[in-house]
Amino acid sequence: IGGGTRGAGGNITICGGTVTATGGSDAAGIGGGDLGSSGTVGIYGGKVTATGGSYGAGIGSGDEATDNGEITIHGGEVNATGGSDGAGIGGGNEAKSAVVTINGGTVKAKCGKSNGSGIGGGDESGGGEVRINGGYVEATGGNGGAGIGGGDGGNGYSGNIDITGGTVIAQGGNEAAGIGGGNEGPEANNGTISITGGDVTANGGKKYGAGIGGGDVQKGGDIYIGGNATVKAKGGREGAGIGGGDEREGGNITCEGDAKVDATGGYKAAGIGAGDTANGGNIKIEGNADVTATGGHYLLPAEQLEFYE
């Protein structure tokens, strides 16, 4: 549903019914064709299942799109699966991600194969703008892609992620953050992550990614947790619970307001702060924040180490 080759998605509105959309070669299930942006997509109700073609997003842009679009989900039941290297919702392979806003409904988004995020960037792409204000959201990254944020590779920065409400469960792919950067994204620009409401659970991939923050060899960026948010974050092996991925510092991390935060670092990493072999960064805790931070162990039994291989 949407654009042909080199075409944007146009204006797509779904208010009800049962919709099943599968993209052709390099195109999104709903949104842009090959080289096309998502256009403007609004989902208000119904049961929507969208699957991207090779290199396209489930809902969003096609392969190598150079313009972003806008995707807003107000309600309904949405299941979105990216194609090879495409995000579930957001960008296709090496494409600009759409601006994604979720206000309600039940949303489950995942990369179909590898390298794309659940919500955000496809392979070699940043997360763009992701805003979650309500609803129930599950986001699962492919190998190297964040649950919410950047895809795999050199441009896989987190983008700007703003969560104000709802229930959010984000699982990063191997070497990527649950919420934040993909594998080996750029250090200088990992974007901003703000969580001021809702119930958020974020787990880094099997190894090297933070629960919230950086993917492998990527700094944590700017992370703010406040308001009445409840956050539980766990890093993969050598990734912080909140902060830096493996071998990188935590970035700028603030916990304040009435937030409740439980952060657990992976093997040899901080609960809040740095990944393995790095400095903590700038960490500030104030107000009535209730914070529990648990660092990862330096030595683990052999059966637990096998989990990370």
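The figures that follow rest on heavy atoms only: side chains count, while hydrogens, waters and symmetry mates do not.
A side-chain donor from one of T164 and N133 sits under 3.5 Å from a side-chain acceptor of the other. Between the side chains of N279 and E249, no donor N or O sits under 3.5 Å from an acceptor N or O. A donor atom on one side chain and an acceptor atom on the other are not found under 3.5 Å apart for N228 and D258. The closest side-chain donor-acceptor pair between D26 and S54 falls under 3.5 angstrom. In this model, a donor atom of one side chain and an acceptor atom of the other lie less than 3.5 Å apart for E256 and Y224.
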>> Could you walk me through whether K207 and E238 satisfy the side-chain contact (heavy atoms from CB on, under 4.5 Å) test, starting with their C-alpha distance in whole Å, then the side-chain angles of each, then the deciding distance to 0.1 Å, before giving a yes or no?
In response: CA-CA 7 Å; K207 56 184 178 181; E238 299 172 32; over 6 Å; no

>> The test is side-chain contact (heavy atoms from CB on, under 4.5 Å); show your working for S158 and I193 and say whether it passes.
In response: CA-CA 8 Å; S158 75; I193 301 169; 4.3 Å; yes

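Residues A240 and A269 share a closest heavy-atom pair of N-CB, 3.7 Å. Of all heavy-atom pairs between I272 and I283, the closest is O-CD1, 3.7 Å. Between S37 and D67, the closest heavy-atom pair is CB-O, 2.9 Å. The two residues G149 and I161 make their nearest non-hydrogen contact at CA-CD1, 4.0 Å. Minimum heavy-atom separation, G205 to Q171: CA-NE2, 4.0 Å. The two residues G214 and A177 make their nearest non-hydrogen contact at O-CB, 3.8 Å.
Residue T20 holds its OG1 atom at 8.0 Å from NZ of K47, rounded to the nearest 0.5 Å. Separating the CD atom in E138 from the CG atom in N79 is a distance of 9.0 Å, to the nearest 0.5 Å. Summarising the geometry, atom CG belonging to N252 is positioned 4.5 Å from atom CG belonging to D222; distances are rounded to the nearest 0.5 Å. The CD1 atom of I163 lies 4.5 Å from the CD1 atom of I195; values are rounded to the nearest 0.5 Å. For the atom pair NZ of K284 and OG1 of T254, the computed distance is 5.0 Å after rounding to the nearest 0.5 Å. The CD atom of E286 lies 10.0 Å from the SG atom of C255; values are rounded to the nearest 0.5 Å.
The shortest side-chain heavy-atom distance between N68 and S97 does not fall under the 4.5 Å cut-off. Contact of the N282 side chain with the I253 side chain is not registered, since no non-hydrogen atoms from C-beta on lie closer than 4.5 Å. Residues V41 and I30 form a side-chain contact, since some pair of their non-hydrogen atoms from C-beta on lies under 4.5 Å apart. You'll find the side chain of E70 reaches within 4.5 Å of the side chain of T72, heavy atoms only. You'll find the side chain of R131 reaches within 4.5 Å of the side chain of V99, heavy atoms only. Within the 4.5 Å cutoff, the side chain of Q218 has no heavy atoms near those of the E184 side chain. With a 4.5 Å cut-off on side-chain heavy atoms, I212 and I223 count as touching. Residues I119 and I102 form a side-chain contact, since some pair of their non-hydrogen atoms from C-beta on lies under 4.5 Å apart.
A donor-acceptor pair under 3.5 Å is formed between the side chain of N160 and the backbone N or O of T192. Judged purely by atom type and a 3.5 angstrom limit, S125 uses its side chain to pair as donor or acceptor with the backbone of A95. For S61 (side chain) and A65 (main-chain N/O), no donor-acceptor pair under 3.5 Å exists by modelled atom type.
I12 and L35 are not part of a single hydrophobic cluster, where members link through side-chain heavy atoms under 4.5 Å apart. There is no path of hydrophobic side-chain contacts, each under 4.5 Å, that joins Y44 to I132. Under the 4.5 Å side-chain heavy-atom criterion for Ile, Leu, Val, Met, Phe, Trp and Tyr, I59 and V19 are members of the same hydrophobic cluster. Clustering ILVMFWY residues whenever any of their side-chain heavy atoms sit less than 4.5 angstrom apart, transitively, puts V130 in a cluster other than the one holding I169.
With sequence neighbours left out, the ring-ring contact (aromatic ring centres under 6.0 Å, His included) criterion links Y136 to no other residue.
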